[in-house]
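Have a look at the structure below before the remarks.
Below, all heavy atoms of this structure are taken into account, side chains as well, without hydrogens, waters or symmetry copies.
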Amino acid sequence: MTAGKIRSCRQCFLLLVWFFFGGLGMGTVALADSPAIAVIYPDIREPYRGIFLKIIKGIENKLKKTVKIYPLEKDYDIEAVKYHLRKAQIQGVIVLGSRGLSAAKDLQFMFHVVVGAVLISPNREDLTGISLTPDPAILFQKLLEIDPRIKRITLIYNRDQTEWLIEKAVKAARFYSIEINMFPVENIREAATLYRDILQRLEEGKDAIWLPQDSTIDEQAILPLILKKSWERNLAVFSSNLAHIPRGALFALYPDNERMGQSLAGLALEEIKNNKRSIGIIPLRDLLTAVNTRTADHLGLNLTSRMKQNFDLSFPAR
């Protein structure tokens, strides 16, 4: 064999070694770093569509690439959805909204599924996702920033819908050295009776009322009662619902949609990387703050210029 042929064979051999041990390995790393992730969200009109698109923007920012998106019509065909996901070789699926949650139940045994942009409690251990319910620890932290006088929180909540947050709320209250009194109820009638009684016994400058995101807060009857009595008695009311702020609640926390998208993408990557089928449902920590400055003035709170600059929304608008 001539020297030229030996060099040629050696080059072929080195090329084969690189392909199998270098090139293939590099390809595997790239695939692991950039898994194929799809986003399923409800096909609905604005302004709600814009919310989902902001979440998707956050997902793509986290993944550093565009994702395949599948808008779900109201009468979607789940088998068609599965077909398109398999055809695109999708590894993980982020589902948004109640329609996405419905689809998740059919997709979770075929793909890594993460749920977001929906009120959901972790009563199903086979789901991974982020509920729209704000984390109590962040709520309490913000409460004390705005009104450091508060020593006690009252929460009236629906046992079935909000029970999962109670342990987290107790831990957060202990951390911030706040007393928390919690009253589980079964229906709106029980909640109304309790509110009428408790609102007469709370103390100005010490007590705060936490309005949860559940069926205990009837927007037509109970909410006006709470806000009227709290205004008359100078009581702080904070909420997990942005819509309560223009009506007179002191402050509320609401979703930062792009950051929430990043967090959802992070959960999806974690599931795929560790080959898990469930991480669990966690409360929302990607939050913005809305404050009613008129209510703050009425309560005699000293909101500094720096605090006001850090609020994401203020009511009434200036």
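- Under 3.5 Å, the side chains of Asp126 and Ser278 contain no donor-acceptor pair of N or O atoms.
- At a threshold of 4.5 Å between side-chain heavy atoms, the hydrophobic network of Ile, Leu, Val, Met, Phe, Trp and Tyr places Met182 and Leu235 in two separate groups.
- Although no hydrogens or angles enter the test, the distance criterion places no donor-acceptor pair under 3.5 Å between the side chain of Glu79 and the main chain of Tyr83.
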Go through it in stages, so that I can follow the logic: the residues are Phe183 and Leu155, the test is side chain to side chain contact (heavy atoms under 4.5 Å, CB included), and I'd like the CA-CA distance, side-chain angles, deciding distance and then a yes or no.
CA-CA 6 Å; Phe183 303 90; Leu155 171 65; over 6 Å; no

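- Put simply, the side chain of Arg86 reaches to within 4.5 Å of the side chain of Phe111, judged on heavy atoms.
- For residues 195-213, the side-chain hydrogen bond (donor to acceptor under 3.5 Å, both in side chains) pairs, not counting sequence neighbours, are Arg152-Asp207, Asp197-Arg201, Glu204-Asn234, Trp210-Ser240.
- A 4.5 Å side-chain heavy-atom check between Phe315 and Arg294 finds every atom pair outside the cut-off.
- Tracing side-chain contacts under 4.5 Å through hydrophobic residues (I, L, V, M, F, W, Y), one reaches Ile279 starting from Leu63; they form part of the same cluster.
- Using a 4.5 Å heavy-atom threshold, the side chains of Ile78 and Lys82 count as touching.
- Proximity of a side-chain donor or acceptor of Thr295 to a complementary backbone N or O of Gly248 within less than 3.5 Å is detected.
- Applying the side-chain hydrogen bond (donor to acceptor under 3.5 Å, both in side chains) test to residues at least two apart or on different chains, the pairs with a partner in residues 92-104 are Tyr76-Ser102.
- Side-chain contact between His112 and Ile37: absent, with no pair of heavy atoms (C-beta onward) separated by less than 4.5 Å.
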Name the atoms and distances for all side-chain donor-acceptor pairs under 3.5 Å in residues 220-230, with sequence neighbours left out.
from: Lys228; atom 1: NZ; to: Glu232; atom 2: OE2; distance (Å): 2.6
from: Ser230; atom 1: OG; to: Ile226; atom 2: O; distance (Å): 2.9
from: Ser230; atom 1: OG; to: Leu227; atom 2: O; distance (Å): 3.0

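- By the rule that hydrophobic residues join a cluster once side-chain heavy atoms approach within less than 4.5 Å of another member, Val237 and Leu165 end up as members of separate clusters.
- The structure places CD1 of Ile180 at 5.0 Å from CD1 of Ile153, a figure rounded to the nearest 0.5 Å.
- No continuous path of hydrophobic side-chain contacts links Leu287 to Leu211 [ILVMFWY only; heavy atoms under 4.5 Å].
- A side-chain donor-acceptor contact under 3.5 Å links Asn292 to the backbone of Ile245.
- When side chains are defined from C-beta on, Lys87 does not count as touching Leu85, because their heavy atoms never get closer than 4.5 Å.
- Residues Leu303 and Lys308 share a closest heavy-atom pair of O-CE, 3.4 Å.
- Nearest heavy-atom pair, Ala117 versus Phe52, reported as atom, atom and distance to 0.1 Å: CB-CE2, 3.9 Å.
- Residue pairs meeting the ring-ring contact (aromatic ring centres under 6.0 Å, His included) criterion with at least one partner in residues 250-293, sequence neighbours excluded, are Phe238-Phe251.
- Using a 4.5 Å heavy-atom cutoff, the side chains of Met307 and Asn310 are not in contact.
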Expected list for residues 134-150: side-chain donor-acceptor pairs under 3.5 angstrom, two or more places apart:
from: Asp135; atom 1: OD1; to: Ala137; atom 2: N; distance (Å): 2.9
from: Asp135; atom 1: OD2; to: Arg285; atom 2: NH1; distance (Å): 2.7
from: Lys142; atom 1: NZ; to: Glu145; atom 2: OE1; distance (Å): 3.1
from: Asp147; atom 1: OD1; to: Arg149; atom 2: N; distance (Å): 3.2
from: Asp147; atom 1: OD1; to: Arg149; atom 2: NE; distance (Å): 2.9
from: Asp147; atom 1: OD2; to: Arg149; atom 2: NH2; distance (Å): 3.1

Verify side chain to side chain contact (heavy atoms under 4.5 Å, CB included) between Asp286 and Gln262, making sure each step is shown before the conclusion.
CA-CA 9 Å; Asp286 302 305; Gln262 293 176 18; over 6 Å; no

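- No donor-acceptor pair under 3.5 Å is formed between the side chain of Thr289 and the backbone N or O of Leu253.
- Between the side chains of Ser215 and Asn158, at least one donor N or O lies within less than 3.5 Å of an accepting N or O.
- Scored by the salt bridge (charged side-chain N to carboxylate O under 4.0 Å, His left out) test, Asp214 finds no partners at all (sequence neighbours excluded).
- Dense packing is recorded around CZ of Arg233, with more than 12 heavy atoms of other residues, nucleotides or ligands lying under 6.0 Å away.
- Hydrophobic clustering of Ile, Leu, Val, Met, Phe, Trp and Tyr side chains at less than 4.5 Å, counting indirect connections, keeps Ile166 apart from Ile156.
- Residue pairs satisfying the salt bridge (charged side-chain N to carboxylate O under 4.0 Å, His left out) criterion with at least one member in residues 51-75, sequence neighbours excluded, are listed as follows: Lys57-Glu258.
- In this structure, CG in Asp256 is found 8.5 Å from CG in Leu284, a value given to the nearest 0.5 Å.
- Distance check, rounded to the nearest 0.5 Å: CG of Asn257 to CG of Leu53 gives 10.5 Å.
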Determine, stepwise, if the pair Leu199 / Ile209 fulfils side chain to side chain contact (heavy atoms under 4.5 Å, CB included).
CA-CA 9 Å; Leu199 283 165; Ile209 302 168; 3.3 Å; yes

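- Side-chain contact between Val67 and Ile56 is present, with at least one heavy-atom pair separated by less than 4.5 Å.
- Only one option out of Val114, Leu101, Val115 pairs with Val95 in a side-chain contact (heavy atoms from CB on, under 4.5 Å); it is Val115.
- Listed here is the closest heavy atom pair of Trp164 and Ile120: CZ2-O, 3.8 Å.
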All N/O donor-acceptor pairs, side-chain side in residues 264-276, below 3.5 Å, sequence neighbours left out:
from: Glu271; atom 1: OE2; to: Thr128; atom 2: OG1; distance (Å): 2.4
from: Asn274; atom 1: ND2; to: Glu270; atom 2: O; distance (Å): 3.3

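- Each salt bridge (charged side-chain N to carboxylate O under 4.0 Å, His left out) pair with one or both residues in residues 236-249, not counting sequence neighbours, appears once here: Glu219-Arg247.
- Distance check, rounded to the nearest 0.5 Å: CD1 of Ile130 to CD1 of Ile282 gives 4.5 Å.
- By the side chain to side chain donor-acceptor pair (under 3.5 Å) test, Arg159 pairs with Glu186, sequence neighbours left out.
- Annotation: ring-ring contact (aromatic ring centres under 6.0 Å, His included) contacts involving residues 256-278, sequence neighbours excluded, are absent.
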For a side chain to side chain contact (heavy atoms under 4.5 Å, CB included) check, start with the C-alpha distance between Leu242 and Leu313, then their side-chain angles and the critical distance, and finish with the verdict.
CA-CA 10 Å; Leu242 178 61; Leu313 281 177; 4.2 Å; yes

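- Thr216 places no side-chain N or O within 3.5 Å of a backbone atom of Pro212 that could act as its donor or acceptor partner.
- Considering all non-hydrogen atoms of both residues, Ile59 and Gly261 come closest at CG1-O, 3.2 Å.
- Partners of Ser131 according to the side chain to side chain donor-acceptor pair (under 3.5 Å) rule, which considers only residues two or more places apart in sequence or in another chain, are Thr133.
- If you take CG on Leu119 and CD1 on Ile281, they are separated by 11.5 Å, rounding to the nearest 0.5 Å.
- Listed here is the closest heavy atom pair of Asp43 and Pro71: CB-CB, 3.8 Å.
- No side-chain heavy atom of Ser121 sits under 4.5 Å from any side-chain heavy atom of Gln161.
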